[in-house]
Amino acid sequence: MNVIPISASAGITGFESPAAEYSQLPIDLDELLIEHPSATFIGRACGESMQGVGIFDGDLLIVDRHIQVENQDVIVANYNGEFVCKLLDTQRRLLLSANEKMQPVPILESDTFTIEGVVIRSIRCHRPSYLLSA
């Protein structure tokens, strides 16, 4: 991938010439975004509950099943038959939203709860893609 180095700031007034020097990255996007290919899947965020950590409705989530879950990780879980993306409070056994309008959800012994993986990256598409519209 060729990258044109453009230093951005709050008041962007222009861009460097495309003819300016560029550098070649030694990796591709798969290598950059996915650490454990055989244990990784991509999902789509739905709703407003994770906006406080920068995950918005429609964002793509790169979820790694290989990574050990830690307290306050953003996870994808199956909670009583529904896939959810939440912050996990391992100490208090709570699913937390990153939106103050939503209450914590306790994980009870009677609940069906399985962690599907840790969200390691999120991607926001600024234009629709025919690949994602299906």
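This one's a predicted model, so the numbers in the text were calculated from it and none came from an experiment.
In the hydrophobic clustering of this structure, Ile123 does not group with Ile55; members are Ile, Leu, Val, Met, Phe, Trp, Tyr whose side-chain heavy atoms approach within less than 4.5 Å, directly or through other members. Taking hydrophobic clusters as Ile, Leu, Val, Met, Phe, Trp and Tyr residues chained together by side-chain heavy-atom distances below 4.5 Å, Leu96 shares a cluster with Val119. Residues Ile34 and Val74 fall into different hydrophobic clusters, defined by Ile, Leu, Val, Met, Phe, Trp and Tyr side chains chained together at heavy-atom separations under 4.5 Å. Hydrophobic cluster membership is shared by Leu87 and Leu94, with clusters built from Ile, Leu, Val, Met, Phe, Trp and Tyr side chains linked at under 4.5 angstrom.
Between Ser122 and Gly54, the closest heavy-atom pair is OG-O, 4.1 Å.
Between the side chain of Arg44 and the main chain of Leu132, a donor-acceptor pair closer than 3.5 Å is present.
Separating the CZ atom in Phe56 from the CE atom in Met50 is a distance of 11.0 Å, to the nearest 0.5 Å. We find the CZ-OG distance between Arg65 and Ser38 to be 11.0 Å, quoted to the nearest 0.5 Å. Annotation: the span from Ile107 atom CD1 to Thr90 atom OG1 amounts to 9.5 Å, rounded to 0.5 Å.
The side chain to side chain donor-acceptor pair (under 3.5 Å) pairs that include a residue from residues 74-84 are Tyr79-Asp111, Asn80-Asp111, where partners are two or more places apart or lie in different chains. Note on residues 97-107: pairs passing side chain to side chain donor-acceptor pair (under 3.5 Å), not counting sequence neighbours, are Lys86-Ser97.
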Is there a side chain to side chain contact (heavy atoms under 4.5 Å, CB included) between Leu60 and Cys125 once you walk through the steps? CA-CA 8 Å; Leu60 299 177; Cys125 297; 4.2 Å; yes
### Message
Test side chain to side chain contact (heavy atoms under 4.5 Å, CB included) on Val63 and Ile120; report intermediate values, then the result.
### Response
CA-CA 6 Å; Val63 183; Ile120 59 168; over 6 Å; no
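Asp59 pairs in a side chain to side chain donor-acceptor pair (under 3.5 Å) with only one of the listed residues (Arg124, Gln51, Arg121), which is Arg124.
Residues passing the side-chain contact (heavy atoms from CB on, under 4.5 Å) test with Val69 are Asp73, Ile75, Leu88, Ile115, Val118, sequence neighbours excluded.
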